[in-house]
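Throughout, protein chains are lettered first and strands after them, A, B, ... in sequence-line order, and every chain is numbered starting at 1.
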Amino acid sequence: MAVYEHSYKPYEGAQTPHWARFLVLPRYAYESVFKSKLAGGFFAFCYVCPLIMLILIYLHHNVSALAALRFNVADLIAIDANFFRFFVTFQGGLGFLFTVLVGPPLVSRDLANNALPLYLCRPFSRAEYVLGKMSVLLILLSAITWIPGLLLFGLQASLAGGGWLSANLWLAWAIVASSGVGIIVLSLLALTLSAWIKWRTAASGALFVLFTIPFGLGMLINGVFHTRWGHLINLDVLIQTVADGLFRQPNSMDFPPWMVLPLWAAWLTLGCLCAFCLLLLSRKVRAYEVVS
Amino acid sequence: MATKMASSDWSLWLRQIGAILRIEIKKNFWGRRALLIYLLAAVPVAFFAAMALWSETAADIRRGTESDIIFANIYEALLLRSIVFFGCAWVFMNLFRGEIVDKSLHYYFLAPLRREVLVAGKYVSGLVAACALFGMSALGSLLFFYAARGYLDNAQALLSNGRLGHALSYLGITLLGCFGYGAVFMFIGLFFRNPIIPGLLVYGWEWLNFLLPPVLKKISIVHYLHTLAPVPVPEGPLATVAETTPAWISVPSLLLFTTVVLVLAAVRIRRMEIRYGAE
C-alpha cells in the first residue's frame, strides 16, 4: 500500500467498558506472577490449611467417619469464633509472605523502564492504574483468605443447620472485614514501596523489615516505658487488634491489660497509614517525572 | 625475581583496593541508599536516649542492679539481631546488586583489575561503612544507657566495675557481626539474582538458632556472637542447651568463616556475566 494512502482512522473495535478497564492490568500481571514456580507453588501451599480445616469441619458432623477413625467429637477442635480467627490469622501470615514475593515488582518495573506514559497515554487514569495494580494483590490475597474462609463458614452452616447460621452470622462479616483490612494495608504498602524503591528485591526486603523491626521495637518500647502506645508502630498488632474487635475477642494476643491498644487507635493508625500510602503513590505514579 | 614480582603484585592490588575504597566509601556514606543505614543506626541510639530522658526508666536504671542484664537483652534483640543484621544485608547486598540495578557494574569489569581484588575492595568498603555506623550506634546506645546513672557513678563504674571492658566487648561483638553478616550477604548478593529468599532463610536460621540442636547451633553467626556477650543473655525456656564456645575459638572461627565465604565470592565473580535486562 502506498504511503499516502495511510491516514488516521480511529479504533472501531469493541471497547472494554470504562468500569472494567482496571482489570486489564491483573490479567497480564497474573501471567508474569505465575511464571515463577516459587510464587505458583507457594500459592498452592496456601490452600493446605483451608483443606485441613475443611476436613475438621466435615469430621465434626460425620459420626460414622469419627467412629471409623475412633475419634470422639469432644476431642476435636470446636468450630467457633476461635477456629475462624485462627484461620484468618494463619492465612493472613501466608498472605504477607505471598505479598513479599509478588507485590514489589508490580509498579517498580513500569517505573524503572519508563513505561508509565504507555499506560497513561491511553484512556486510563492514574487512579485506575493504581486500582488495577492493587487488584492484582487484592484478588490473589482474597483467594487465599476470606474466600476460603467464607467457604468453610458456609460448609459449617450447611452441616450445623439454620440455628448455627443465625447465631453466628456476624462471624462471616468478621472473616471478610478482618481479612479485608489486612489485604488493603498489605497491598497499599507493597505498591508504595514498589513505586518508591525501584529495586524489587529491596522493596521486598523493606516490606519484610517494616513488619519485623517495628514489631520488636514496639514491644521493647511498651516493656521499657510501661506504655501501650509502642504498638502504634507495630503493623501486625494493629491488624490483630482490629481483628480482635471484629471477632469480639478482646486481647487475643494475651497482653497484660495495660498493654492492650484501644480499638479506635488501631483503626485510626491503619487509616492514616493507608492515606499516607495513597499520598505517596499519587506523588510517584505520574506519566513524567522532573528530575533536577 | 619471583619474590620481586609477587611483591609488586601485592602493592598493585593494595593500590587498586585503595582506589575502589575511595569510590565506594563516598557511595556508602553519601549515596541516596545510605539514608536507610543512618536511620537504622539511629534507632537504638534514639531508643536508649529516650530511656535516659524518661524519668521513670532513668530512675529504674539508676536504682536497679540488673541494668547490665537489661542492656544486654535490648542490645542482642534490637541492635545485634535486627539492626546489624538488616543493616549489613542492605550495605553488602547493595555492593554488587546495587551496581547491577544502576547498570554500572560493567565499568568495574572493564577496568584492568582482577575481579578478586574488586571483591576485596568492595567488601572492605562495606565493612568500613557498617563498622563505623553500627559501632557508633553501639557506643552511642551504651553512652545514653549509662548516662542515666549520672557522671560520677559512670566514671566509677567504668574504672572499677569493668564496664569499660563490657563496652569494648559490645563494640567488638558489633564489629564481628559486621564481618560475618557482611561476608554472607555479599555472597548472597553475588550468587542470587533475587536475594530475598536466601536472605529470609538466613534470618529465620539466625532467629531460631536457640531452638536448634547444639551441632546445628554452631553453624550460625549469632551463636558465636551470643557466646561472646559480656553479660549472658538467657535464651528462654524453649532453648536447647549448648556448650558455650570460648572466645579464643569463637573469634578465629568467625574470621575463618568470613575468609572462606569471601574466597567463594571471589571464585564466583571470576565467572560472573552481567545481564542488566534480567534484573
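Taking non-hydrogen atoms and a 4.5 Å limit, the residue list of residues 83-91 of chain B in contact with chain A, ordered by number, reads B:Ile83, B:Phe86, B:Trp90.
The local environment of CZ in A:Arg283 is sparse, with at most 12 non-hydrogen atoms from other residues, nucleotides or ligands closer than 6.0 Å. Counting non-hydrogen atoms of other residues, nucleotides and ligands closer than 6.0 Å to CZ of B:Phe144 gives a total of 12 or fewer. Taking a 6.0 Å sphere around CZ of A:Phe276, one finds it holds 12 or fewer heavy atoms contributed by other residues, nucleotides or ligands. With a 6.0 Å radius and a threshold of 12 heavy atoms from other residues, nucleotides or ligands, A:Phe34 has its CZ atom above the threshold. B:Tyr38 OH: more than 12 foreign heavy atoms inside a 6.0 Å radius. For CH2 of A:Trp258, the number of neighbouring non-hydrogen atoms (other residues, nucleotides, ligands) closer than 6.0 Å is greater than 12.
With sequence neighbours left out, the side-chain hydrogen bond (donor to acceptor under 3.5 Å, both in side chains) criterion links A:Thr269 to no other residue. Checked against ring pair (Phe, Tyr, Trp, His ring centres under 6.0 Å), A:Tyr30 has no partners two or more places apart in sequence or in another chain. Listed by chain and residue number, nothing satisfies the side-chain hydrogen bond (donor to acceptor under 3.5 Å, both in side chains) test with A:Gln91 (two or more places apart in sequence, or in another chain).
For A:Ala202, the parts lying under 4.5 angstrom from a heavy atom of chain B are both the backbone and the side chain. Proximity to chain B (any heavy atom under 4.5 Å) is shown, for A:Leu220, by both the backbone and the side chain. When heavy atoms are compared at a cutoff of 4.5 Å, A:Phe208 approaches chain B solely by way of its side chain, counted from C-beta outward. With a 4.5 angstrom heavy-atom cutoff, B:Leu40 touches chain A only via side-chain atoms. A:Leu38 touches chain B through its side chain: at least one heavy atom from C-beta onward sits under 4.5 Å away, while N, CA, C and O do not. Contacts between B:Leu200 and chain A at a heavy-atom distance below 4.5 Å involve the side chain alone, from C-beta outward.
For the pair A:Val224 and B:Ile74, the minimum side-chain heavy-atom distance is below 4.5 Å.
With respect to chain B, the highest number of heavy-atom pairs below 4.5 Å among A:Ile197, A:Leu101, A:Thr212, A:Val100 belongs to A:Thr212.
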